Amino acid sequence: MDLVITLDNQSSLPLYRQLYEALRTAILRGQLPPKQRLPSTRLLAKSLGISRTTVTLCYEQLLNEGYLQTAIGSGTYVCAHLPDDLLNAAPVTVPEAIAHPAVSWSKYGHTLSQLIDKPLINEPDAAINFRYGRPAFDRFPIQLWRKLVARHCREPLDWLDYSPDPAGYQPLREAIARYLARSRAVQCTPEQVILTNGTQQAVHLITQLFIDPGDAIAMEDPGYLGARRTFLAQRATILPIAVDQSGLVIDQLKAAGDRIKLVYVTPSHQFPTGAVLPLPRRMELLAWAQQTGAMIIEDDYDSEYRYGVHGAAAKENRPIPALQGLDAHYLVLYAGTFSKVLFPALRIGYLVVPPHLIPVFRQAKWLADRQLPSLEQYALTDFINEGHLERHIRQMRTHYDQVRQVLVAAFDRYFGERATLLGENAGLHVMVRFHTSLSDAEICQRAAQVGVGLVSAQVHYLNPQRNGEFIFGYGEPSPSQLYEGIRRLAEIGL
Ligand SMILES: Cc1ncc(COP(=O)(O)O)c(C=O)c1O
């Protein structure tokens, strides 16, 4: 075999993978033709100066994928009959400027094509990472989850079939309706619960069903970018409404006009400032919606976690009922998710819609993706009905409360007056306002240099673009990592 193979010991790609890529590319390009005999693993390992196990691993992979075959006693060969699609596979490298036919996007596609250079998520990759929106994965009861999934992953095999119900598995919807009534004072029947692929899909379905280009949507400013992009993609007119220490400023909403079709709010833990909308404002918001005919999207994304509510203070500080439970006029579309209390890749959330909207939402959900995977829905039903969900939430609340206290103490110690913490009594993140004149990009860069990953809140603002505000997710890092992270930040000249 006269093929030059270069391996790079410094590369992040393992050696066996580099060798695999080199041989596979040579086979696809015909440099190693069908029936060509390959050197023995011992010989190739010796000539490349790598271990025989590395070569064996690579050969095994190519054998499994049908690129190589073995003949007893006579070695390893390139397969005589490579599948056509492998032979015709596109070259591995794509040229920088690809010649392609003109694309005739829909208006929706066109709008998205205008948005692609504005990334949705810009997550740091550092030794100590304050990414937000992640629970503590190492505390997820994985053994139990495995048991529950295995319980249903067996015969009879009906669960392999399409589900008859686009709104989701009925027992799960029943379990969620009961859970929401207990924990959030949401009032609904199981039929009103439409299971979604997370809150993102709930917001997407609502936007599709209610918004035409030019329609007005009011939303908190700062507010969740995932929701804002969905509205923008549908070419809604977005009206930014300021947020103060008590959440959405209702007077501003009232002044924004009476042609607003939807209002998007995160009343229980405003994203990202963490403000909690007090009861009088909730009632005012509902009264305004009733007067103007606007619908309210209530995104209750991490309301399960509230802290610092002990003793006498607990009474005043107890979670305020969801807007949905206070609404007597079917104005609220309530969205919740298991992304924070369980794990985001589960992709199960719920949308509670007023009864008269159920049939259209069911249709929309069917057309969007037909149904959620059955197995996870079955496992989640048992998880809730057997009491594991609420137990897990209780345990995690204690854990996050401790982590949160470490974060607050670290800021106190290392920053004192130089930083203000917002919304630290709930959720899985705090917003931190650094009193500095440095730009956010500069701060992120300096933080990265000391191995700390930061997320600026800037992208969540529509107007004006604030400087020095950062979202500190504390679900992921351990308390000691977190403390060390803040200590390092104190040394970057903020
Ligand atoms: C404000 C807000 N809503 C909802 C979500 C969750 O979305 P999903 O349920 O699609 O994972 C997030 C995730 O970070 C969020 O920050």
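When a ligand or atom number is given, it counts from 1 through the structure's own listing order. Just so we're clear, the structure is a prediction, and the values are computed from it rather than from any experiment.
Annotation: atom 7 (O) of ligand 1 to nearest protein heavy atom, T199 CB, 3.7 Å.
Using a 4.0 Å cut-off between a side-chain N of Lys or Arg and a carboxylate O of Asp or Glu, E376 and R347 do not qualify as a salt bridge.
Close approach to T337 involves these atoms of ligand 1, each under 4.0 Å from a residue heavy atom: 8 (P), 9 (O). Those atoms of ligand 1 with a heavy atom of F271 less than 4.0 angstrom away are 1 (C), 16 (O). Of all atoms in ligand 1, numbered sequentially from 1 with element shown, those under 4.0 Å from a heavy atom of D299 are 1 (C), 2 (C), 3 (N), 4 (C). Close approach of ligand 1 to Q200 (heavy-atom distance below 4.0 Å) involves ligand atoms 10 (O). The contact set between ligand 1 and R347, taken as ligand atoms under 4.0 Å from a residue heavy atom, comprises 8 (P), 10 (O), 11 (O). Atom numbering of ligand 1 starts at 1 in the shown order; those under 4.0 Å from a heavy atom of G198 are 9 (O), 10 (O). Heavy-atom proximity to S339, at under 4.0 Å, picks out these atoms of ligand 1: 8 (P), 9 (O), 11 (O).
In this structure, Q377 contributes its side chain and P373 its backbone to a donor-acceptor pair below 3.5 Å.
A perpendicular orientation is assigned to the rings of H429 and F271, their planes being inclined by more than 60° (bins at 30° and 60°).
Contact of the M431 side chain with the F472 side chain is not registered, since no non-hydrogen atoms from C-beta on lie closer than 4.5 Å. With a 4.5 Å cut-off on side-chain heavy atoms, R228 and I217 do not count as touching.
Environment of NE2 in H435: crowded, with over 12 heavy atoms of neighbouring residues, nucleotides or ligands closer than 6.0 Å.
Within the 4.0 Å heavy-atom shell around ligand 1 one finds K340.
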